Each structure stands twice: as C-alpha cells, then as structure tokens.
Amino acid sequence: MFDLNSELKQLPDKPGVYLMHDDSDVIIYVGKAVSLKNRVRQYFQESRKVTAKIEKMISHIAWFEYIVTDSELEALVLENNLIKEHSPRYNTMLKDDKTYPFIKATLGEPFPRLLFSRQMKNDKSRYFGPFTSAASVREVIEFLNNLYHLRNCTRTIAEAAEKKAIPTDSKNRPCLYYQMKVCPAPCVGAIDKKAYRENFDKAVRFLQGETTDVIRDLKEKMTKASEEMNFEEAAVYRDRIENIKHITERQKITSDENEDRDILALARSGDEAVMQVFFIRAGKLLGREHFYLTGVEYEKDEDVTASFIKQMYSGTPYIPKEIVTEYEFSDSEIILDWLSKKREHKVYSVVPSRGSKRRLLELAKKNAYMILIKDSVRLKEVHRKTEGAMEGLSSRLGLTDISRVESYDISHINGFETVGSMVVFEDGRAKKNDYRKFRINSVSGPDDYGSMNELLTRRFEHGLREGLSEGDSFSHFPDVIFMDGGKGQVNVCESVLQKLDLQIPVCGMVKDDHHRTRGLYFNDVEIPIDTHSEEFHLITRIQDETHRFAIEYHKQIRRKGQVHSILDDIPGIGPKRRLSLMRAFDSLDDIRNASVEDLAKIDGMDKKSAESVVEFFKNI
C-alpha cells in the first residue's frame, strides 16, 4: 500500500528522476530534479503554484517512484530516455521520429565507397550531413560515383599493389559497370589503390564544398573534347557541370563562417506547436525540417524548446557546434554539457539580436508559423477523427479517460483451424505493435463463444502473470473492451473478467440484419449511434480492423502450409472433398463417427471415397 506522507518523508536530497503513476500503474509524467526531496514535495504542497496541465496531472497521481543518479547530467539523460520509452501523457512530446540520411565515406576500406546511411557510427568512416531528403542523398552519391568512377558494389576487395591485366574468364571478369565505363574495376586489379584514392579524395573535397576546382577541370575537359570534335564526350562534361550547379544552387550561403549550426524557431497555438529547424553545414543551408510537438499549452517557450532539444538530439547521430534559438532555453547549461559530451567537442547556444543569424532565425520563425497555419485544419481533422471520436464514445458510454481500446475476433472454416485476433487502438489510432494472434487449442468445432473464452482467458492471464513487464503489450490492460457482437459475446467477456477479478468495462458492437453496425450494447442497454458521426466511423474502423487481422492470420497459416489437417492424410480425399467434409460436419469427431452411407451423401463424395474415410479412422 502506497503511503504518500511516508514516501515524501523518505525522499533523498540527491539528484535523480521521478516517475508519476496513475491508479492503473501507467506512467503519466517523468521529471528530473537536482534534489528529489525538494522537487517532488512541491507537487503535493497546498501552497503550490503550477500550471493547469500540471495541476490536472497531480489529480491523477496514485503513486510515484524515483531513481537516484550521481549528477544532474545523468538525471537529464535518464529522464530523456524514460520519456521516449514511456511517452507519458503530461510530458511535452516530440511527435516526429525521424532518422536523417548521411553520406558515408568508408575511409577504412582499401578502395573506399560512398554509401547512403541513416546511422552515424564510431568507425573509420567519415559522415557528411545530415540531409533532409533521402532522394537528394542518393542523387549526390550516384552523381559522384559517375563523375569520379567510384565503385558501388558490396564486394570485399583486397588491396592491389599495382595495375593488373583484366581477366577474361567468366568467373573472375569485372561486372557490367566496368563495361559501361562507370566503375574502374578495382575488384580485378584494373586500377591500383593510389589512382583510385586520388579520385575518391576529389569526391570527398566536393562533399566538403570545394566545387570550384571540379567545375574548372570539367570545363577544360569539355573544351578539349569539343576542339577534338568529340561532341558526345563534350556533352557528357557539359551535363555534369549543370548537375553540379543544380546541386550547389540548393545550398544558400548564410555566413562566411565555415561553421555547423542549427537554427531553431518555435510557433505555437493552443496545445500544438511546430519547431522549424534550419540545418547549416560549413556555412551553407543544406536543408530544413519541421517537427510537431504536443502537450505545450501551459508550458513556457523556454521549457518547450528545452524539451525539443533533448528529444531531438538524443535521436540524431550528428550534433552541430552551435544551436541558435530565440531565447535562452531552460536548463541550458546542463543540456549543453550533455550535448558536448555526445559530440566530444564543445557545443554552444546563441541568442542573436541582430545580424545574419537573427535574420535566419526570423525566416525560420515565419516558416514555422506558415506550417502551423497550413496544418492546423489538418491537425484538427485528425483530432476529430481520433481523440475527438474517442472522447465522444467516452461521453456516450458514461466513462472517463478512455485511451486504450482492445477488440477481439475469431476466424475459422466451419470450426476447423480456429484462430483469434487481438487489435489495439490508442487515442483513436491503431497501435499495430500491440496486435496479437492466437491459435485456439481447447475448442473443437464451430464454437465461437468457447473459442472467445479461451482467447480472453489466455490474454488476461498472460497480462496478470507478466504484470508491468517492459515491452509486453499484454501487461497493459484496456480502458474498455469492444466485442464484435451483442449480449452473447459481452457475457462471455464479462464472465472471463469476473473469474480473473478484473474490472474492465465491456461494450458490444451490435449489427443489424444486413451485418452492419447499428449501435453499442453496454450495461444491458443498446445505445443507438448516428451513422454519420465520428464515433460511428471509429467503431467501424475498429471492427473492420479486427476482422481483417483475424482473417489475414487464418489465410496466412493456410497459405504457408503451417496448418496440416488430419483429413489431408486420407487416401483419395483431395482439397475439394476435404472442404466438403468440413462444411458438412461440425467437428472432426462427427466425421470420425459418420457411416459410409452418410459420407456418400455429401456433395463430391462417392461410395469409394466414403469407405476410404471410414477405413482411415478405424486404423488410427
């Protein structure tokens, strides 16, 4: 039993992270503190002065726990990891989960390559980026491979000391890229390491922004080819020059300083916000990206920016030397210390009041507001169809704080190879990572109620057994259960919950004579729903998704041959006759006990095949 006063007295005067839980043991807020004793106590003091959001959060706290750390920096890292893992309802959350592409130069290889990568590892390679467009990265790599004749294969190539003759045998000869004069074929020694590395170093210098020499060399080659009347070759050089200009024109010069920096500008409206980021690399604007944040309505701009920086840079492998913001963000000293350790070089924050950085900041701000205005209608529409529809269902059922919904379905062919599905929706959106499949083991024949009883029993016994296991979807119980059916299915579910001593509301999705949903069955009352409402559309999506998942699983196990029916082993019984038997009888036992005369009456069966069935079951 959690005793609040006793736990508050035992709080240590040390740095750490605290986790607030509601009465369902769900983590609703994660915070860090220099002193856990002072910080956590503030939430429960009558004289507290907190925002409306935090006040609402406090009203839902059932108990808390904490983790002591050695420093505030460790607490910051742990807080950020826990927020990303648990997505607490009352923390400011970065909705995007992007990984940015890089160009990876594999300097540790004898014949290095330029590769597309979304991870920046601590290896012998050099990384350029990040870029915001994967298509642009692939375009640049292809262009440089063609321009400097670099290999793009995955073969492991031993270092070649000097140029060798090209093999002519089919087993060792170079690939088609060599014939196309795109790759110099280092795999067969057609180019030595020194000559290849010279070309590769030119590509690296290009990525560093040194394009002037490249264009000059290409112009000289174009002029020479033209003078020699080799116009096709001259046209190739001309096109390459145009490609370089096309790529470099995207890079807007922003500063004479050859620095890497990110420009961060915030735009907000109500509980939604957009953070616009300009990526400046080597003094050039390489790209921009915007991020959506939620849970910001009662937060200060400084706190929202701090939350964004922590979540943004914990997920990207590259951290710039300088972060430009509109104002000093919260906990800036400790956050910059953390970023510096990640980067292994000092990271600075700048709040410009004038100059080129200020102009870029204002430009980013305008872009952020344009995106926020543009997407506000879309965001409201999405909210109306998801969280809004869920709130409408909560009100219609007389329930509060519905977030997680689970729905179940059974699929079989006349009782054979019965399977079940569990579908999960959270805040009106399908949470496919939590979907689960079941093979029904204890039921024979087309017994949907018995099959559902087994499915639900296994699902909730698993959850009770695992408790709050990390990463186990079974451990998170739903706020309400939607059964695909009326009173009968609801009764099955309620009997299972009662047997396991669980208190979870159960609601049936009632269909009309045309198998279309007409309303909800809840607390022994049928509740009609407007078929044009978002609540109805949400119920339909849940119902359709539950059916789809169950039927798809049933098809999958049949298609992959994972299901082997005993009927397959009967001599003379092929797929058509097996299906006829399954349709004619309720269970395998009924087929086993049938006479030759009964079997011969079935469509597609004759006396010989009927005798084969009877004889087969006599011998097993």
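Position 1 is the first residue of the sequence, and the numbers go up from there. Keep in mind that this is a model prediction, so the values were computed, not measured.
In terms of heavy atoms, C507 sits closest to L520 at SG-CB, 3.6 Å. In terms of heavy-atom proximity, A273 sits nearest to V296 at CB-CG2, 3.9 Å. Here the shortest heavy-atom pairing between I529 and I539 reads CD1-CD1, 3.3 Å. Closest approach of P528 and R396 over heavy atoms only: O-NH1, 3.5 Å. Closest heavy-atom contact between H21 and I27: CE1-CG1, 3.4 Å. Here the closest non-hydrogen pair linking V506 and M483 is CG1-CG, 3.7 Å.
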Quiz item: What do the steps show when you test S421 against D409 for side-chain hydrogen bond (donor to acceptor under 3.5 Å, both in side chains), and what is the final call?
Solution: CA-CA 5 Å; S421 66; D409 191 24; 5.2 Å; no
Quiz item: Between S403 and D479, does a side-chain hydrogen bond (donor to acceptor under 3.5 Å, both in side chains) hold up when you go through it step by step?
Solution: CA-CA 6 Å; S403 174; D479 300 314; 4.5 Å; no
Practice problem: Walk me through it: do K310 and E79 pass the test salt bridge (charged side-chain N to carboxylate O under 4.0 Å, His left out)? | Solution: CA-CA 10 Å; K310 288 187 288 185; E79 175 202 32; 2.9 Å; yes
Quiz item: Is there a side chain to side chain contact (heavy atoms under 4.5 Å, CB included) between M509 and S407 once you walk through the steps?
Solution: CA-CA 10 Å; M509 297 180 284; S407 180; 3.8 Å; yes
Practice problem: Evaluate the criterion side-chain hydrogen bond (donor to acceptor under 3.5 Å, both in side chains) for residue pair D25 and W63; output intermediate values, then yes/no. | Solution: CA-CA 8 Å; D25 282 344; W63 64 284; 2.8 Å; yes
Practice problem: Could you check R429 against E387 for side chain to side chain contact (heavy atoms under 4.5 Å, CB included), going step by step and ending with a plain yes or no? | Solution: CA-CA 8 Å; R429 297 174 175 86; E387 290 101 323; 3.2 Å; yes
Exercise. Show your reasoning for whether side chain to side chain contact (heavy atoms under 4.5 Å, CB included) applies to V492 and N453.
Key: CA-CA 6 Å; V492 171; N453 185 289; 4.1 Å; yes
Self-check item: Test log, rule side chain to side chain contact (heavy atoms under 4.5 Å, CB included), inputs Y66 and L19
Solution: CA-CA 6 Å; Y66 55 87; L19 301 89; 5.9 Å; no
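Within the 3.5 Å criterion, the main-chain N or O of V525 finds no donor-acceptor partner in the side chain of N523. The closest donor-acceptor contact from the side chain of K385 to the backbone of G428 lies at 3.5 Å or more, if one exists at all. Listed for the S533 side chain is a donor-acceptor partner under 3.5 Å among the backbone atoms of D530. Although no hydrogens or angles enter the test, the distance criterion places a donor-acceptor pair under 3.5 Å between the side chain of T546 and the main chain of I542. In this structure a side-chain-to-backbone donor-acceptor pair under 3.5 Å is present from S612 to P571.
At least one side-chain heavy atom of Q489 sits under 4.5 Å from a side-chain heavy atom of Y449. By the 4.5 Å heavy-atom criterion applied to side chains, F460 and I504 are counted as neighbours. Residues V596 and K607 meet the side-chain proximity criterion, which asks for heavy atoms closer than 4.5 Å. Side-chain atoms of V405 and V424, non-hydrogen and from C-beta on, never get closer than 4.5 Å to each other. The shortest distance between side-chain heavy atoms of L397 and P505 does not fall below 4.5 Å. Side-chain contact between I527 and Y521 is absent, with no heavy-atom pair separated by less than 4.5 Å. Put simply, the side chain of Y18 does not reach to within 4.5 Å of the side chain of F64, judged on heavy atoms. Counting heavy atoms from C-beta on, the side chains of F308 and L293 come closer than 4.5 Å.
Considering CE of M275 and OG of S307, their distance stands at 9.5 Å, rounded to 0.5 Å. Between R384 atom CZ and L538 atom CG the span is 12.5 Å, to the nearest 0.5 Å. Taking CD1 from I602 and CG from L581, the interatomic distance works out to 5.0 Å, rounded to the nearest 0.5 Å. Rounding to the nearest 0.5 angstrom, the gap separating the CD1 atom in I440 from the CG atom in L455 is 5.0 Å. How far CG of L82 is from NZ of K32: 13.5 Å, rounded to the nearest 0.5 Å. Between atom CZ of residue F585 and atom CG of residue D598 there is a gap of 6.0 Å, rounded to the nearest 0.5 Å.
No side-chain donor from either of N80 and W338 sits under 3.5 Å from a side-chain acceptor of the other. Side-chain atoms of D484 and H547 form a donor-acceptor pair, as typed in the model, at a separation below 3.5 Å. S609 and D606 form a side-chain donor-acceptor contact under 3.5 Å, judged by distance and modelled atom types alone.
Screening R404, Q503, R459, E406 for a side chain to side chain contact (heavy atoms under 4.5 Å, CB included) involving F477 leaves a single residue, R459.
Partners of R113 under the salt bridge (charged side-chain N to carboxylate O under 4.0 Å, His left out) rule, at least two apart in sequence or in another chain, are E109. Not counting sequence neighbours, E142 has no partner by the salt bridge (charged side-chain N to carboxylate O under 4.0 Å, His left out) test.
Here the two rings, on F482 and Y408, have centers that are 6.0 Å apart or farther.
Between K487 and E526 there is no salt bridge, since no side-chain N of the basic residue sits under 4.0 Å from a carboxylate O of the acidic one. Between R577 and D603 there is no salt bridge, since no side-chain N of the basic residue sits under 4.0 Å from a carboxylate O of the acidic one. Taking the charged nitrogens against the carboxylate oxygens, R548 and E545 do have a contact shorter than 4.0 Å, which makes a salt bridge. Remark: D434 engages K431 in a salt bridge, criterion side-chain N to carboxylate O under 4.0 Å. The pair R458-E454 meets the salt-bridge criterion, with a side-chain N (NZ, NE, NH1 or NH2) lying under 4.0 Å from an Asp/Glu carboxylate O. A salt bridge links E299 with K53: the distance from a Lys NZ or Arg NE/NH1/NH2 to an Asp or Glu carboxylate oxygen falls below 4.0 Å.
Q10 CD: more than 12 foreign heavy atoms inside a 6.0 Å radius.
Geometrically, R138 engages F116 in a cation-pi contact defined by less than 6.0 Å to the ring centre and at most 45° from the axis.
Under the 30°/60° scheme for interplanar angles, the aromatic rings of Y43 and Y29 are found to stand perpendicular.
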